[in-house]
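Presented below is the structure to which this report refers.
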Amino acid sequence: MADNYQYQIPPNVDREEFMRTRVFVERDQVTNTTSNDLSGTWNSFDDRWDFDAWKQQFRLVINRMSLNAVEFDLIGVHASVANTLRRILIAEVPTMAIEDVFIKNNTSVMMDEVLAHRLGLIPLRADVHKFGERGPNDAPTDLNTIVLNLKVKCERIQGTPKSMPREQRLTNHTVYSRDIIWDPQGDQATEHRDNPIQPAFDDIVITKLNQGEELDIVMHARKGIGRDHAKYSPVGTASYRIMPEIHILRPIVGDAAHKFASSFPAGVIEIVKNARGQDEAKVADARKDTVSRNVLRHSEFLDAVTLSRKRDHFIFNVETVGSVMPAPLMVQAFDVLKQKCLLLRASLDNLNLQ
Amino acid sequence: MSAMDQDIQENRISLVPIDGEHADDNTCCTFAIQHEDHTMGGILRYIIGKNPDVLFCGYNLPHPAEDVMHFRIQTNGKITAADAFRKGLDDIVEMTEHMSAEFSKQAHGTGFQYVPSYDL
């Protein structure tokens, strides 16, 4: 193991800009991670907040979107902005979830509280904007509560032999989320006519029943945020990674090029023929790199490559739980951040300082 | 639930008296903000720190059992600490509105691949 390993800033880049804008990924550690953005840190660079200058270099690029997830790039923001957005997605975007479970009859093997816990975790598809918050002392109204019913009895289908498996012998052997029926209260039937309230997925297994067992449950769903209980979180998870970069410092040719390419995940490094007809390694797509630093295990490449990450380029991956589609969810997340700031502004004004 | 209670929403900031600090010195201030944590603390620290008239800004959460964040701002005298705070909040709102507009614009555009589902 070479002990004279030294992180080399690539020679063809501006040193101060590299130090200001990159995280150094070294063989045994990751350095240059601390925040250096406070105004006045850099001699040659004016760091003060300038919205127009920021707006010029800010980019948001959506990469892929599906029914349940979105992958997008946030370029030109600080890590604290990306982190705040991530935290809001996980914990502060409101959704509806079952909060009160009134069990009229439960003769199944599953205990009441376990069943109630499971029901709370079922994601509900409901337009959150049409509902208000319900405090602990507020009465349930059609504007703050959704009433759902679950009434299922497991019975024997006449004439089926005992040798058949239970699923075929009994009705309602498995209780699915599709068995939860919305009971519209007050104006809810007309308000939600276009988007009827129901669990986000039909096939979530709630519990299993045997012959003669039944469930008769009334549930009240409320608006809440992930901070209070994880059942309200609209995302399976929301995470980001920081854009990796690979700088090749000297030509890597021949067999070494193939070994170099195999040290990275597939698609990161490509082999091209150089002017002299040799195989040479070139960076194809650094985005696919998982930054395992595997290449730095090989002593022959320690001086050949510099790994870094671009501090202001975040690759977000947001996977929703089913209650909200990803595009409206992101818009809501930005809105939550804006509302938090406006509320703090109001609080500050109430303080009556000069 | 109490975090969403409308009654206390607009009275969430109070001042923390620090020993040795003059009561009428409005260039240094520690704000105690209820029901906030790193979510707002991080972004506020960044934006307020970008203000060249702010000499010091930082936040901490004094105790995990209390839902309170302390945010301290010290300025060079040209503006008051409260003004720096206000400007920071306005800057965040401006930035967020732009990001949101950009996202909506992109989401309605065709620059990306829409698939029914994909492996993450």
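Residue numbers begin at 1 in each chain, while the letters A, B, ... track the order of the sequences.
A donor-acceptor pair under 3.5 Å is formed between the side chain of A/Thr84 and the backbone N or O of B/Thr39.
Using a 4.5 Å cut-off between heavy atoms, A/Thr41 does not touch chain B at all. For a residue to count as touching a neighbouring chain, one of its non-hydrogen atoms must lie under 4.5 Å from one of that chain's; by this rule B/Ile33 touches chain A with the side chain only. Using a 4.5 Å cut-off between heavy atoms, A/Gln339 does not touch chain B at all. Heavy atoms of B/Ser100 lying under 4.5 Å from chain A belong to its backbone as well as its side chain. Heavy atoms closer than 4.5 Å to chain A are found in both the backbone and the side chain of B/Glu36.
Chosen from B/Glu94, B/His98, B/Lys50, B/Met40, the residue pairing most often with chain A at heavy-atom distances under 4.5 Å is B/Lys50. Listed options A/Ala327, A/Pro328, A/Ser80 were ranked by heavy-atom pairs under 4.5 angstrom with chain B; first place goes to A/Ser80. Between chain A and the options B/Glu102, B/Gln106, B/Met95, B/Arg45, the largest number of non-hydrogen pairs under 4.5 Å is found for B/Met95. The greatest number of non-hydrogen atom pairs below 4.5 Å with chain B, out of A/Asp37, A/Leu74, A/Asp50, A/Asp335, is found for A/Asp37.
One distance of note links CG of A/Asn83 with OH of B/Tyr46; it measures 13.5 Å at 0.5 Å rounding. With rounding to the nearest 0.5 Å, the separation of CG in B/Leu44 from NZ in A/Lys340 is 10.0 Å. Rounded to the nearest 0.5 Å, atoms CG (A/Leu337) and CD1 (B/Ile43) are 5.0 Å apart. Distance check, rounded to the nearest 0.5 Å: CH2 of A/Trp54 to CG of B/Asp91 gives 10.5 Å.
Contact of the B/Phe112 side chain with the A/Asn63 side chain is not registered, since no non-hydrogen atoms from C-beta on lie closer than 4.5 Å. Looking at A/Lys338 and B/Ile92, their side chains never come closer than 4.5 Å, going by heavy atoms from C-beta outward. With contacts defined as side-chain heavy-atom distances shorter than 4.5 Å, the pair A/Ile62/B/Phe103 qualifies. You'll find the side chain of A/Val77 reaches within 4.5 Å of the side chain of B/Met99, heavy atoms only. Using a 4.5 Å heavy-atom threshold, the side chains of B/Arg12 and A/Asn350 count as separate. Looking at heavy atoms from C-beta onward, A/Leu67 lies in side-chain contact with B/Tyr114 at the 4.5 angstrom threshold.
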Using the side chain to side chain contact (heavy atoms under 4.5 Å, CB included) rule, take B/Ile47 and A/His78 through it: C-alpha gap first, then chi angles, then the decisive distance, then the call.
CA-CA 10 Å; B/Ile47 283 283; A/His78 189 249; over 6 Å; no
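The existence of a salt bridge linking A/Arg227 and B/Asp67 is confirmed by a sub-4.0 Å separation between a basic side-chain nitrogen and an acidic carboxylate oxygen.
Of all heavy-atom pairs between B/Pro52 and A/Ser39, the closest is CA-OG, 3.5 Å. Taking both residues in full, the closest heavy atoms of A/Ser347 and B/Ile13 are given as CB-CG1, 3.7 Å, listed atom of the first, atom of the second, then distance. Closest non-hydrogen pair, B/Val93 versus A/Cys341, comes out as CG2-CB, 3.5 Å. Of all heavy-atom pairs between A/Leu348 and B/Ala82, the closest is CD2-O, 3.9 Å.
Under a cut-off of 6.0 angstrom, the local environment of CD in A/Gln56 is sparse, with at most 12 non-hydrogen atoms contributed by other residues, nucleotides or ligands.
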